[in-house]
K.L.:
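Take a look at the following structure, please.
Just the heavy atoms: all of them, side chains too, but no hydrogens, waters or symmetry mates, feed the values below.
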Amino acid sequence: GVANLMARMLTKGTQQKSAEELETAIASLGASINASAGNQSITISATCLVKNFDKTLELFEEILLEPRWDEEEFMLLKKGVESSLQRQKANPGSIAGNAFSKIIYGEDHVFSNPVMGNEITVAAIGLEDLKAYYDMNIAPNISKLYIVGDIDEAKTMNSFASLNEKWEVKEIEIPT
């Protein structure tokens, strides 16, 4: 559940913007920026008009490099996840999916656990856990960037110069 909560916290404000200010800035560009976690990756996606590419990229960079880690936003997000976990108990698809993962991977494999976590693990997660996970796992040298659209390659490469300079390479060990 830590990766899930960490990914979702990224869009809940930056050091310069509250969650509301960030949401307004993104919406004013007609853009969207989302973050989520899966079994093997964390995805941060952005969509925008080409004319707003640079401004959207600035917000993307701010989200990626300057997370806010607001305690109040964290508690709201955590309560939302706990409510989702409660609802999943009555959802046949969720029940079957969780059972299937345990059968396929085995009880002790990390993939046998839901990405969202479970009631016990989510209850035990604190904001410091998210910060530590971010510090240990978010780095450019293990990231992939995909851009699709009507945008010039040279302009795109130039637009990422700032992110390239600011985002620190880290030695990250990915477990087998």
K.L.:
S32 pairs by side-chain contact (heavy atoms from CB on, under 4.5 Å) with which of T47, T56, T11?
P.N.:
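The option that passes is T47.
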K.L.:
Tell me whether E153 at atom CD has more than 12 heavy atoms from other residues, nucleotides or ligands lying less than 6.0 Å away.
P.N.:
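No, because the 6.0 Å sphere around CD of E153 holds 12 heavy atoms or fewer from other groups.
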K.L.:
For the CD atom on E72, are there more than 12 heavy atoms of other groups (residues, nucleotides or ligands in this structure) within a distance under 6.0 Å?
P.N.:
no
K.L.:
Does a side-chain N-to-carboxylate-O contact under 4.0 Å join K131 and E128?
P.N.:
yes
K.L.:
Provide the closest heavy-atom pair for V2 versus L130 in the form atom of the first, atom of the second, distance.
P.N.:
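Shortest heavy-atom contact: O-CD2, 3.6 Å.
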K.L.:
Take atom CD1 of I120 as the centre, draw a 6.0 Å sphere, and report whether it contains more than 12 heavy atoms from other residues, nucleotides or ligands.
P.N.:
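Counting other residues, nucleotides and ligands, CD1 of I120 stays at 12 neighbours or fewer.
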K.L.:
Please check if the side chain of N52 supplies one atom and the backbone of L29 the other of a donor-acceptor pair under 3.5 Å.
P.N.:
yes
K.L.:
Inspect the contact between E73 and K78 and indicate whether a charged nitrogen and a carboxylate oxygen are less than 4.0 angstrom apart.
P.N.:
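No, K78 and E73 are not salt-bridged.
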K.L.:
Is M9 close to L77 at the side-chain level, that is, under 4.5 Å between some pair of heavy atoms?
P.N.:
yes
K.L.:
Using a 6.0 Å cut-off, check whether atom CD of E171 has over 12 heavy atoms from anything other than its own residue.
P.N.:
no
K.L.:
For the hydrophobic clusters of this structure (ILVMFWY residues joined by side-chain heavy atoms under 4.5 Å, transitively), does one cluster hold both I138 and V115?
P.N.:
no
K.L.:
Check whether any side-chain heavy atom of F111 sits under 4.5 Å from a side-chain heavy atom of I104, and report yes or no.
P.N.:
no
K.L.:
Atom CG of residue position D108 - does it have more than 12 heavy atoms of other residues, nucleotides or ligands inside 6.0 Å?
P.N.:
no
K.L.:
Just so I know, are the side chains of L5 and D129 near enough to count as touching, which here means a heavy-atom distance under 4.5 Å?
P.N.:
no
K.L.:
How many angstroms lie between atom CG of D70 and atom CD of Q15, to the nearest 0.5 angstrom?
P.N.:
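The CG atom of D70 sits 12.0 Å away from the CD atom of Q15.
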K.L.:
Report the distance from atom CD of E107 to atom OG of S112, rounding to the nearest 0.5 Å.
P.N.:
6.0 Å
K.L.:
Would you say that L10 contacts I44 through its side chain, given a criterion of any heavy-atom pair below 4.5 Å between the two side chains?
P.N.:
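Answer yes - side chains close enough.
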K.L.:
Is it the case that more than 12 heavy atoms not belonging to M75 sit under 6.0 Å from its CE atom?
P.N.:
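Yes, because the 6.0 Å sphere around CE of M75 holds more than 12 heavy atoms from other groups.
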K.L.:
Search all heavy atoms of A7 against all heavy atoms of A35 and return the closest pair with its distance.
P.N.:
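A7 and A35 have their closest heavy atoms at O-CB, 3.1 Å.
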K.L.:
Is the number of heavy atoms from other residues, nucleotides or ligands under 6.0 Å of K55 NZ greater than 12?
P.N.:
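Count not over threshold, so no.
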K.L.:
What distance separates I142 CD1 from I172 CD1, expressed to the nearest 0.5 Å?
P.N.:
3.5 Å
K.L.:
M157 and L145: same hydrophobic cluster, using ILVMFWY side-chain contacts below 4.5 Å?
P.N.:
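Shared cluster, no.
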K.L.:
According to a 4.5 Å side-chain heavy-atom criterion applied to Ile, Leu, Val, Met, Phe, Trp and Tyr, with indirect links allowed, do F100 and L85 form part of one hydrophobic cluster?
P.N.:
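Per the 4.5 Å side-chain linkage, F100 and L85 are not co-clustered.
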K.L.:
Quick one, F74 and I125 - any side-chain contact, counting heavy atoms below 4.5 Å?
P.N.:
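With C-beta onward as the side chain, the pair touches.
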K.L.:
Going from CG on L57 to OG on S159, what distance comes out if it is rounded to the nearest 0.5 angstrom?
P.N.:
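OG of S159 is found 6.0 Å from CG of L57.
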K.L.:
Using a distance-only test with no angle check, is there a side-chain donor-acceptor pair under 3.5 angstrom linking T14 and E62?
P.N.:
yes
K.L.:
For the residue pair I95 and Q88, establish whether any side-chain heavy-atom pair is separated by less than 4.5 Å.
P.N.:
no
K.L.:
Closest approach of N98 and P114, non-hydrogen atoms and distance?
P.N.:
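Taking N98 first and P114 second, the nearest heavy atoms are OD1-CG, 3.6 Å.
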K.L.:
Mark yes or no for whether R68, through its side chain, and Q16, through its backbone, hold a donor-acceptor pair below 3.5 Å.
P.N.:
no
K.L.:
Taking C-beta and beyond as the side chain, do S162 and E61 meet within less than 4.5 Å on heavy atoms?
P.N.:
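Contact flag for S162/E61 side chains = yes.
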K.L.:
Establish, yes or no, whether the cationic atom of K170 lies under 6.0 Å from the six-membered ring centre of Y134 and within 45° of the ring axis.
P.N.:
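Output yes; distance and angle both within limits.
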K.L.:
Could you see if W69 belongs to whatever hydrophobic cluster contains M136? Use Ile, Leu, Val, Met, Phe, Trp, Tyr and a side-chain cutoff under 4.5 Å.
P.N.:
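Hydrophobic grouping puts W69 apart from M136.
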K.L.:
First locate atom CD1 of I42, then atom CG of N137, and finally report the distance between them rounded to the nearest 0.5 Å.
P.N.:
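One finds 6.5 Å between CD1 of I42 and CG of N137.
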K.L.:
Kindly compute the distance separating CE (M116) from CG (N118), expressed to the nearest 0.5 Å.
P.N.:
11.5 Å
K.L.:
Kindly indicate whether the side chain of S143, heavy atoms from C-beta on, has any atom under 4.5 Å from the side chain of W167.
P.N.:
yes
